[in-house]
Amino acid sequence: MDQKLARILPKVQKPARYVGGEYNAVIKDKAAVDLRVAFCFPDTYEIGMSNLGMRILYGVMNNMEGVWCERVFAPWGDMEAALREECIPLYALESGDRVRDFDIVAFSVGYEMAYPAILNMLDLSGIPLRSADRGGLAPLVIAGGTAMYNAEPLADFIDLACIGEGEEELVELLTLCRRAKAEGWDKGRFLREACHIEGIYVPSLYEVRYHEDGTVAAITPRDGAPERVRKRIVRDMDSAHFPVKSIVPSTEIVHDRVTLELFRGCIRGCRFCQAGYVYRPVRCRSKEKLAEYGAAACADSGYQEMTLSSLSTSDYPDLVELCDALEDYCGPHHVTLSLPSLRADNFSMALTERMAKGRKAGLTFAPEAGTQRLRDAINKNLTEKDLMESLTRAFSNGWSAVKLYYMLGLPTETDEDIIGIAEMADHVVHCWREHASSKARGVRITVSTSWFVPKPFTAFQWEPQISREEYERRVKLLREHMTARAVTYNWHDGDTSFLEAVLARGDRRLGRVLERAFEKGAHLDAWQDYFDLGRWLEAFDECGLDPAFYANRERSREEIFPWSVISCGVGDEYLWRERERCYASQTTPDCRTRCSGCGANKMVGGACDV
């Protein structure tokens, strides 16, 4: 270890974040590899190491002959200050080598508020921020993750974006990079070749023109780049890599357990949910593979908690059978099995009884809206009767803690819908009084609301976000009607949601704002400890851009979006039709009930009804 690093580590919070050496971390002989990847997560160690996608891709890349992938996380403020003071560049955990010496610097970006951390990590590494200022092939700066379905705010800083799921896409990209390095290509030639890999988007190969009103006039590909970049998906989940031998952190992380990914995609079609659209179509792992992976991962890691994870876990068709199979291992080995992402409309008695065998942690449901009219408008396909029937089963089986999640500012929302949230909370308290098997500890009902953020590739991508003043009025209205003593009400901070709405639908002109905000001190803005909306508003003003143009403006049907080059497999016609059904409060059945012709099923060789 570097002597200067050894001197500063005892002075910072959680030094274990920065030393590596964990069980199952991959160490390779540098002489035996010809391509090195610094896999960067633009958040802290605790968050990044809890990310299943990062664990999967770490395994995929390190399974490639001649490739060594190492991890890099954003330092907390105290560590950043120490690194800068001691002139220590950002380094990878496995080797301790400087990030700027790697061939590829790859960022996993799932959240727009992580953008400043990307610039900060490049700066801490001594790597020029802008792609145009990095002349050589290395280091190649790339990014993937859900946020990259609109990569335009980062267009000036990254060399390319990986759209969709990375298991196969990254293998092809890294193989091409090894060839380019061996044959001495320059970066321009490499990018012109890479853009033909399915799922690879190269921003510099597209020219964007704007109307006088600031909307996009045209996006023109050049140098042979494709007109549309179609996302990449894994078609067969049973053959996809699962990280059975996964790194065991040497300090506590957010999700410190084995995570079993049941399936990708979602059958539901909630109109606000970006993940529900961009991960279509649904692809399941077999229960046999899952039972095998779960037991093997726990045995290898020593973890005594396993969680079953997907966008809607209770929609897995063999869930009860899988739980029974896992219990054969979990019971004798004292492993707790948890099931997040449950839906109230299919929380069955069999599932309740299965969960009742273990520790009774709190249950979480997301009704999203307080009235049936608004739940129909957002296509939640959930009734209050569904919720109360599920809670009746849970309370009668001994549960006494429930979390309920809602959004404020959804399209067509009225004050009646907001008051309906408080009324539903009262009904939950009454349900507990009527059906609880034990009332000794009382009941804990937590209602949480967030500010709705319109996202690309959803039915609401055309919608404005309500103003901050209106959001605060709606929070106040709900607080005034939330009177039950057993109910705790939490609401999300408005500043970050406003900026998230700006960045989510931003164009590449926001690169100037992002860089200016970074220069003013925006580094770890995903954390409330460091976020300051004021510096962002100053940056917008200095760059001559209005954040309300991106957050609070309704788009027309004809407008060209900054992300129009990207295809997630779901057609704009379908999304517009869903928007119209929202305003008519009409629901669309889930994919298992009837195909609605979104187009995504064609990506796995199927047909879509229209």
Side-chain angles (χ1 to χ4, degrees), residues 16-18 20-28 36-64 67-76 90-95 99 102 104-115 117-118 121 141-149 154 158 161-171 173-174 199 232-234 237 240-261 264 275 278-279 293 297 300-301 303 307 309-311 524 526:
R17 292 166 164 166
Y18 311 112
E22 307 99 320
Y23 178 71
N24 280 340
V26 175
I27 305 297
K28 294 190 177 184
R36 298 185 66 187
V37 181
F39 195 12
C40 302
F41 196 88
D43 209 323
T44 61
Y45 179 93
E46 295 95 314
I47 304 296
M49 284 301 296
S50 299
N51 184 277
L52 178 61
M54 190 167 189
R55 290 176 178 266
I56 290 171
L57 296 179
Y58 179 84
V60 167
M61 287 187 275
N62 278 317
N63 283 343
M64 294 180 67
V67 175
W68 187 12
C69 172
E70 304 181 46
R71 296 160 298 138
V72 186
F73 300 97
W76 194 245
L90 196 62
Y91 57 90
L93 291 184
E94 279 74 3
S95 67
V99 170
F102 283 68
I104 296 177
V105 178
F107 288 93
S108 177
V109 194
Y111 181 37
E112 293 84 358
M113 295 303 296
Y115 292 169
I118 295 173
M121 292 175 77
V141 178
I142 71 176
T146 309
M148 290 301 94
Y149 278 93
L154 290 178
I158 61 174
C162 299
I163 310 300
E165 298 163 5
E167 288 97 324
E168 298 166 358
E169 180 180 29
L170 272 176
V171 170
L173 182 68
L174 268 54
R232 195 67 173 268
I233 64 169
V234 173
M237 289 296 292
H241 175 78
F242 180 83
V244 169
K245 291 187 70 65
S246 194
I247 296 173
V248 180
S250 50
T251 187
E252 186 177 1
I253 63 175
V254 176
H255 300 303
D256 212 1
R257 61 185 74 109
V258 167
T259 300
L260 279 183
E261 183 187 28
R264 291 183 190 168
V278 301
Y279 282 108
Y293 289 151
D300 179 78
S301 64
Y303 276 127
T307 186
S309 177
S310 280
L311 290 176
L524 266 181

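Positions are given from 1 along the sequence. In this text the structure is predicted, and so the values were computed from the model without any measurement.
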**OP:** Using a strict cut-off of less than 4.0 Å between a Lys/Arg side-chain nitrogen and an Asp/Glu carboxylate oxygen, indicate whether E22 and R71 qualify as a salt bridge.
**Re:** yes
Original post:
Is the closest side-chain heavy-atom distance between V171 and V60 below 4.5 Å?
Top reply: yes
Subject >> Minimal non-hydrogen separation, A16 against T251, with atom names >> reply: CB-CB, 3.7 Å
**OP:** Return the minimal non-hydrogen interatomic distance between A92 and E70, and the atom names on each side.
**Re:** CB-OE1, 3.4 Å
Original post:
Just how far is it from atom CZ of F41 to atom CE of M121, taken to the nearest 0.5 Å?
Top reply: 9.5 Å
Subject >> Heavy-atom side-chain contact between V109 and I118 under 4.5 Å >> reply: yes
**OP:** Can you establish whether the number of heavy atoms outside Y279 located under 6.0 Å from its atom OH is more than 12?
**Re:** no
Subject >> Donor-acceptor side-chain pairing of S246 and R55 below 3.5 angstrom >> reply: yes
Subject >> R264/E167 salt bridge by N-O under 4.0 Å criterion >> reply: yes
Subject >> Minimum side-chain heavy-atom gap F73-R17 below 4.5 Å >> reply: no
Original post:
Which value, rounded to the nearest 0.5 Å, describes the distance between N51 atom CG and I253 atom CD1?
Top reply: 10.0 Å
**OP:** Give a yes or no on whether the backbone of S309 and the side-chain of T307 come within a donor-acceptor separation of less than 3.5 Å.
**Re:** no
Original post:
OH of Y18 to CH2 of W76: how many Å apart, nearest 0.5 Å?
Top reply: 8.5 Å
Subject >> Closest approach of L52 to P243 (non-hydrogen atoms, all atoms of both residues) >> reply: CD1-CG, 4.1 Å
**OP:** Answer whether the closest heavy-atom distance between the side chains of W68 and N62 falls below 4.5 Å.
**Re:** yes
Subject >> From I56 atom CD1 to H241 atom NE2, the distance as rounded to the nearest 0.5 Å >> reply: 7.0 Å
Original post:
With side chains defined as the heavy atoms from C-beta onward, is the minimum distance between L173 and I142 less than 4.5 Å?
Top reply: yes
Original post:
Should L154 and M148 count as side-chain neighbours, where that means a heavy-atom distance under 4.5 Å?
Top reply: yes
Original post:
With side chains defined as the heavy atoms from C-beta onward, is the minimum distance between F107 and I158 less than 4.5 Å?
Top reply: no
Original post:
Does a donor on one side chain sit under 3.5 Å from an acceptor on the other, for D43 and Y111?
Top reply: no
**OP:** Please name the pair of heavy atoms, one in F102 and one in A38, separated by the smallest distance, quoted to 0.1 Å.
**Re:** CD2-N, 3.4 Å
**OP:** Evaluate the side-chain proximity of I247 to Y58: yes if any heavy-atom separation is below 4.5 Å, no if none is.
**Re:** yes
Subject >> SG on C69 to CD1 on I104, rounded to 0.5 Å >> reply: 9.5 Å
**OP:** Search all heavy atoms of S108 against all heavy atoms of F39 and return the closest pair with its distance.
**Re:** CB-CE1, 4.1 Å
**OP:** Quick one: pull up CG in N63 and CG in L57 and give me the separation to the nearest 0.5 Å.
**Re:** 11.5 Å
Subject >> R36 side chain to S95 side chain, donor-acceptor N/O pair below 3.5 angstrom >> reply: yes
Subject >> Nearest atoms (heavy-atom pairs only) where P75 meets L524 >> reply: O-CD1, 3.5 Å
